[in-house]
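Note on naming: letters A, B, ... go to the chains in the order of the sequence lines (proteins, then strands), and numbering restarts at 1 for each one.
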Amino acid sequence: MIKAQVRAKVDQCFALGVERGLWGDAAAGSYAVEEPKRAGQGDFATNLAMVVAGREKRNPREIAAALVELLTDAAGGDSLFAKVEVAGPGFVNCFLKPQVWQAVIPEIKRLGAGFGRGTCGRGRKVLVEFVSANPTGPLSVGHGRQAVLGDAIARLLEATGYAVTREYYYNDAGRQMRVLGESTRARYLELLGLPFTFPEDGYQGEYIREIARALIEERGDSLKDESDTAPFTKKAEEVIFADINNTLARLGIRFDSYYNEHSLYENGLVDDVVASLREKGLVYEQEGAVWFKTTDLGLEQDRVIIKSTGEPTYRLPDIAYHREKFRRGFDWMVNVFGSDHIATVPDVLAGVRALGYDEGKVTPVIHQFVTLMRDGQQVKMSTRKANFVTVEELLDEVGPDVTRFFFLMRKADSQLEFDLDLATKQSQENPVYYVQYAHARLCSIARQAAEKGVVAGDGAPDFSLLIEEEEMALLQAMAGLPSLLENAALALEPHRIVFYLQDLAAKFHGYYNRHRIVGDDPALSRARLALADALRQVLASSLVLIGVGAPESM
RNA sequence: GCCCUCGUAGCUCAGGGGAUAGAGCACAGGAUUCCUAAUCCUGGAGUCGCAGGUUCGAUUCCUGCCGGGGGCACCA
């Protein structure tokens with residue numbers, strides 16, 4: 001990694017300065033090496049001198065000058081640097097020799113799809129829990145965002161050396177499912193022309209009717225006198241789960257495990273949590289309910305964990321579930337969910353802490369809502385009335401690539417406005433096609449070159465011919481993938497990949513329009529072709545990270 | 001009332017203790033005898049919500065206020 005090399009050089013010179021008494025070591029670790037935003041400010045810059053000056057009340061530019069001397073001296077003949085200079089209030093700007101950047105091409109060629117991937121996860125086990133929608137209806141666009149976000153986070157972690165498990169947690173018992181069964185029975189009776197009562201808070205979607213219809217086809221009216229809702233619930237769950245999984249499959253999402261809340265009860269793990277908490281004096285009874293004394297754990301109010309009806313609230317199995325995650329040996333647990341569930345976090349973490357586990361290993365990723373825009377108007381959605389837009393419909397309309405890309409265009413914290421007008425555009429300003437087109441264009445160039453008998457691999461391309469401004473910019477952008485990927489993974493922020501792709505595609509399209517890749521000069525053509533091939537690889541690898549296709553032609 | 005989150009260009013959003021704050025869309029004009037014009041180039045636009053504080057330096061960190069969203073159930 002080039003940045004790491006520069007960083008190492010700067011660290012080395014900082015230490016050398018300490019050794020020689022040029023400055024103290026108080027600034028160790030608190031200065032930065034970064035890419036300046038502006039052209040002319042070098043490939044990398046460090047604020048070391050300003051940090052030192054701040055601590056020692058000295059003139060930053062003087063310290064910067066001393067640092068420049070060290071960097072140029074210590075560097076010696078085979079230095080990374082072409083030029084190092086003091087700039088602005090005391091920045092030290094480093095200009096790298098072109099060959100340092102040019103060397104990224106053979107590096108990419110050598111590593112192929114592995115370029116950019118890292119090992120900072122060191123094989124640690126991480127559990128990414130997402131979607132976790134109960135099987136009561138089709139996935140809504142909110143679930144869609146979460147599904148895509150969770151999967152992309154999982155991909156980032158895999159690409160940085162973590163052993164990832166994707167898990168879907170669900171509950172197929174309880175009130176919601178009962179209501180689902182009752183709703184299905186009501187539709188069943190309705191379709192048979194029999195008297196029925198639809199539950200007040202029932203599920204009104206058309207999909208319930210379809211399930212009832214399927215039930216009639218299978219079993220006729222044999223269930224008309226059934227007082228138990230179980231057969232209805234069972235059928236509904238079956239159909240809905242199949243539907244959800246089908247939608248997820250269309251998005252390219254596969255789970256490694258489905259964790260059923262019910263199993264926690266069957267194995268006595270829920271009771272066990274209550275017993276453990278009770279032992280620690282964190283549980284008490286009041287008004288027929290069982291309370292968790294979260295105020296003892298620094299929270300504002302105590303919470304009911306078992307209702308007076310004897311049914312646990314969602315908190316209790318959630319705590320038990322999280323304890324199981326720890327027991328299953330995960331080093332890190334990432335929970336992705338919508339901001340409407342934000343309130344559950346502190347209670348569950350308090351439970352985890354109370355049971356003696358390190359809550360620091362649990363990282364919640366909370367995403368804000370999605371609003372759909374069509375014709376400049378917000379599409380009104382209401383789950384209860386079932387006039388919401390499903391992921392399925394979205395996929396029918398714009399396809400999986402656009403769906404995934406758009407859901408990842410914003411950081412999780414931001415509300416996401418999904419512009420259907422833009423998303424359905426088959427051309428021009430649709431950012432998905434913009435990026436994919438760059439990839440397709442590169443493939444096309446390679447095809448054309450092959451026809452003409454020019455191949456990047458012919459002989460050893462002379463990369464020193466790649467000295468155009470646009471070429472340097474592309475090389476630098478490509479070289480930045482490893483650190484970008486690592487940072488995005490650690491921050492659990494896949495949107496950074498989307499911005500990276502758009503930037504890379506823009507740089508390429510600009511380059512393409514200005515310079516001919518396969519031209520009259522064979523040596524230059526080979527070098528540029530090698531650059532194009534590396535770029536194609538980087539685009540493809542980055543697209544894989546967000547689960548979007550890399551078409552070879554469009 | 002309390003908690004979380006967001007507030008950056010006309011719109012949608014990146015960025016982030018430092019050097020002239022970015023992109024896309026929208027708008028206006030221009031580019032193709034040549035590797036895909038699903039492309040490129042040029043143009044304008046912002047007191048980075050407001051007010052204090054910390055700092056050599058704040059749009060970035062802290063506090064308060066204002067505004068949008070979400071939450072504060074014996075729903076999940």
Any chance you could lay out the side-chain contact (heavy atoms from CB on, under 4.5 Å) test for A:Tyr169 and A:Val131, step after step, and finish with the verdict? CA-CA 8 Å; A:Tyr169 176 66; A:Val131 184; over 6 Å; no
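A:Asn93 comes within contact range of at least one nucleobase, with a heavy-atom separation under 4.0 Å. At the heavy-atom level, A:His515 lies under 4.0 Å from base atoms of the strands shown. If you check every strand for non-hydrogen atoms under 4.0 Å, A:Gln415 touches a base. Here A:Phe499 lies in heavy-atom contact (under 4.0 Å) with sugar-phosphate atoms only. Within 4.0 Å (heavy atoms only), A:Met50 reaches at least one base atom of the nucleic acid. Counting non-hydrogen atoms under 4.0 angstrom, A:Ala440 reaches a base of the nucleic acid. Using a 4.0 Å heavy-atom criterion, one finds that A:Asn47 contacts the bases of the nucleic acid, with or without backbone contacts as well. Counting any heavy atom pair closer than 4.0 Å across all strands shown, A:Ala45 reaches a base atom.
A distance of about 15 Å separates the C1' atoms of B:A51 and B:U59, rounded to the whole Å. Nucleotides B:G15 and B:A58 have their C1' atoms positioned 15 Å apart, rounded to a whole Å. Between B:C66 and B:G52, the distance separating the two C1' atoms is 15 Å to the nearest Å. Nucleotides B:G44 and B:G24 are separated by 15 Å at their P atoms, to the nearest Å. Spacing between B:C72 and B:C25 at atom C1', rounded to whole Å, works out to 38 Å. Comparing B:U47 with B:A28, their P atoms are spaced 24 Å from each other, to the whole Å. Between B:U8 and B:G22, the distance separating the two C1' atoms is 10 Å to the nearest Å. The same atom, C1', is picked in B:C35 and in B:C40; the two are 15 Å apart, to the nearest Å.
A donor-acceptor pair shorter than 3.5 Å can be found between the side chains of A:Arg441 and A:His509. Under 3.5 Å, the side chains of A:His143 and A:Ser140 contain a donor-acceptor pair of N or O atoms. Between the side chains of A:Gln368 and A:Asp413, no donor-acceptor pair of N or O atoms lies under 3.5 Å. A side-chain donor from one of A:Glu471 and A:Tyr511 sits under 3.5 Å from a side-chain acceptor of the other. Between the side chains of A:Gln176 and A:Asn134, at least one donor-acceptor pair of N or O atoms lies under 3.5 Å. Between the side chains of A:Asp401 and A:Gln436, at least one donor N or O sits under 3.5 Å from an acceptor N or O.
By the 6.0 Å contact criterion, CG on A:Asp421 is enclosed, its count of non-hydrogen atoms from other residues, nucleotides or ligands being greater than 12.
Judged by distance alone, with hydrogens and angles left aside, the side-chain atoms of A:Arg404 form a donor-acceptor pair with the main-chain N or O of A:Ile546 at under 3.5 Å.
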If the sugar-phosphate is the primed atoms plus P, OP1 and OP2 and the base is the rest, what is the B/S/- string for nucleotides 71-76 of chain B, using protein heavy atoms under 4.0 Å? SSSBSB
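Base-pairing analysis of RNA chain B finds the following stems of at least three consecutive Watson-Crick or G-U pairs, with both pairing distances under 3.5 Å: B:1-7 with B:66-72, B:10-13 with B:22-25, B:27-31 with B:39-43, B:49-53 with B:61-65.
Contact check, A:Lys411 against B:G15: a side-chain N or O comes under 4.0 Å of OP1 or OP2. Considering only side-chain N and O atoms, A:Tyr434 lies under 4.0 angstrom from the phosphate OP1 or OP2 of B:C40. Proximity of A:Lys57 to the phosphate of B:C56: a side-chain N or O atom is located under 4.0 Å from OP1 or OP2. Dashed line: the shortest gap from a side-chain N or O of A:His495 to OP1 or OP2 of B:G15 is under 4.0 Å.
Here B:U12 presents its P atom at 11 Å from CD of A:Gln378, a figure rounded to the nearest Å.
Looking at residues two or more places apart in sequence or on another chain, you find a side chain to side chain donor-acceptor pair (under 3.5 Å) between A:Tyr170 and A:Asn260.
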